[in-house]
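By convention here, the first residue in the shown sequence is residue 1. Hydrogens, waters and symmetry mates play no part in the numbers below; they use all other heavy atoms, side chains included.
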Amino acid sequence: MRTYETLKDQYDIAVLNQEIAKQNYEAALKKKDLGMMSTEDVLTVEDALNSANGSALQAASSLNSQKQTLITMLGWEYNADPEITKVPEPDPTVIDSFDPKKDEAKAIEMNYTLYDTRMAKASSSGGAVKKARNIKDQEDSIRSSLDLMYQDVKQKQKAYEASETLYGAAKADKAAADRKNALGMMSRQEYLQAESAWLSSEASHTAAKLDLTGAIENYQWALEGLLDIGSSSQS
């Protein structure tokens with residue numbers, strides 16, 4: 001879902017850049033007819049259009065491929081066309097509930113790899129010592145990893161909050177551009193540039209949101225025993 005939403009933003013930007021490149025090319029042709037632009041300069045603009053067209057096709061292909069992957073994973077027919085909604089905004093109350101010092105007991109108790117190590121038989125007294133050492137090492141690894149995951153959550157939370165501020169300003173700019181466009185106070189090219197700035201800001205905000213969501217999920221999975229600490233050690 002996170003990958004699909006990222007690709008969707010990239011596709012929207014690519015399509016808009018394609019439209020901007022088309023507008024630039026049409027303007028270049030008009031300037032050439034008026035003797036205001038050389039053939040070489042027009043070819044440069046045409047190359048930019050061809051590149052934008054290629055990027056839009058690639059973005060569409062990547063988005064469609066990811067959608068088909070999601071459809072297959074969710075058990076839909078290959079030709080189904082379900083609506084794929086956006087990943088919800090992160091819930092700050094979930095983050096407030098995290099405390100690695102308190103949560104480490106659950107993460108240790110639930111970890112599947114550590115469970116296998118505990119259940120492994122020790123064939124000798126030396127094996128028992130090695131097993132005890134392995135258990136301690138894995139418990140320490142879980143504690144350390146959980147703390148790092150928590151720090152990652154907090155860092156990404158700060159980045160998300162910063163992106164929220166920038167996103168709010170971008171919304172205001174977009175609304176102003178929409179008003180000017182409705183009143184005929186902007187050219188088509190100017191409006192497309194404003195739209196491009198808006199989509200770029202939206203994509204940055206989405207990236208920050210998805211980064212934080214991923215960090216939250218990683219922490220939660222660790223509490224469910226899915227923290228990867230390597231293979232279990234046998235005595």
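Pairing each heavy atom of Lys131 with each of Ala120, the nearest pair is NZ-O, 2.6 Å. Listed here is the closest heavy atom pair of Ala21 and Ala52: CB-CB, 3.8 Å. Considering every non-hydrogen atom in both Ala59 and Gln10, the closest pair reads CB-O, 4.3 Å.
The CG atom of Leu227 lies 12.5 Å from the CE atom of Met110; values are rounded to the nearest 0.5 Å. One finds the CG atom of Leu29 at 11.0 Å from the CG atom of Asn24 (value rounded to the nearest 0.5 Å).
Using a cutoff of 4.0 Å between basic side-chain nitrogens and carboxylate oxygens, Glu190 and Lys180 are not scored as salt-bridged.
Among residues at least two apart or in separate chains, there is no ring-ring contact (aromatic ring centres under 6.0 Å, His included) pair with a member in residues 23-45. Listed by first and then second residue, the salt bridge (charged side-chain N to carboxylate O under 4.0 Å, His left out) pairs that reach into residues 132-143 are Glu104-Arg143, Arg118-Glu139, Lys136-Asp140, Asp140-Arg143, sequence neighbours excluded. Sorted by first then second residue, the ring-ring contact (aromatic ring centres under 6.0 Å, His included) pairs that include residues 80-109, not counting sequence neighbours, are Phe98-Tyr219.
Applying the under-4.5 Å side-chain rule to Ile, Leu, Val, Met, Phe, Trp and Tyr, the cluster around Leu43 consists of that residue alone. In the hydrophobic clustering, Leu183 connects to Met185, either directly or through intervening members, whenever side-chain heavy atoms lie under 4.5 Å apart. In this structure, Leu57 shares a hydrophobic cluster with no other residue, the cluster being traced through Ile, Leu, Val, Met, Phe, Trp and Tyr side chains under 4.5 angstrom apart.
With contacts defined as side-chain heavy-atom distances shorter than 4.5 Å, the pair Lys209/Glu5 qualifies. Looking at Lys154 and Tyr150, their side chains come closer than 4.5 Å, going by heavy atoms from C-beta outward.
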Report all side-chain donor-acceptor pairs from residues 67-75 shorter than 3.5 Å, counting only partners two or more places apart or in another chain.
| unit_1 | atom_1 | unit_2 | atom_2 | d |
| --- | --- | --- | --- | --- |
| Lys67 | NZ | Asp81 | OD1 | 2.4 |
| Thr69 | OG1 | Ser65 | O | 3.0 |
| Thr72 | OG1 | Gln68 | O | 3.0 |

May I have the list of side-chain donor-acceptor pairs in residues 197-205 shorter than 3.5 Å, sequence neighbours left out?
| unit_1 | atom_1 | unit_2 | atom_2 | d |
| --- | --- | --- | --- | --- |
| Ser200 | OG | Ser196 | O | 3.1 |
| Ser204 | OG | Ser200 | O | 3.1 |
| His205 | NE2 | Glu164 | OE1 | 2.6 |

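Side chains of Tyr160 and Glu89: a donor-acceptor N/O pair is present below 3.5 angstrom, by distance only. No donor-acceptor contact under 3.5 angstrom links the side chains of Thr165 and Glu161, judged on distance only. Using a 3.5 Å distance cut-off with no hydrogens or angles, the side chains of Asp41 and Ser38 do pair a donor with an acceptor. Residues Thr117 and Asn134 have side chains that never bring a donor and an acceptor to within less than 3.5 angstrom of each other.
Partners of Glu224 under the salt bridge (Lys or Arg N to Asp or Glu O under 4.0 Å) rule, at least two apart in sequence or in another chain, are Lys106. With sequence neighbours left out, Lys32 forms a salt bridge (Lys or Arg N to Asp or Glu O under 4.0 Å) with no residue at all. With sequence neighbours excluded, the residues forming a salt bridge (Lys or Arg N to Asp or Glu O under 4.0 Å) with Glu19 are Arg188, listed by chain and number. Applying the salt bridge (Lys or Arg N to Asp or Glu O under 4.0 Å) rule to Lys101 yields no partners; only residues at least two apart in sequence or on another chain are considered.
Criterion: ILVMFWY side-chain heavy atoms under 4.5 Å apart, direct or through other members. Under it, Val15 and Leu192 are not part of a common hydrophobic cluster. Both Met149 and Ile95 belong to a single network of hydrophobic side chains, linked directly or stepwise wherever heavy atoms of I, L, V, M, F, W or Y lie under 4.5 Å apart.
Remark: the backbone N or O of Asp99 is paired with a side-chain donor or acceptor of Asp103 at under 3.5 angstrom.
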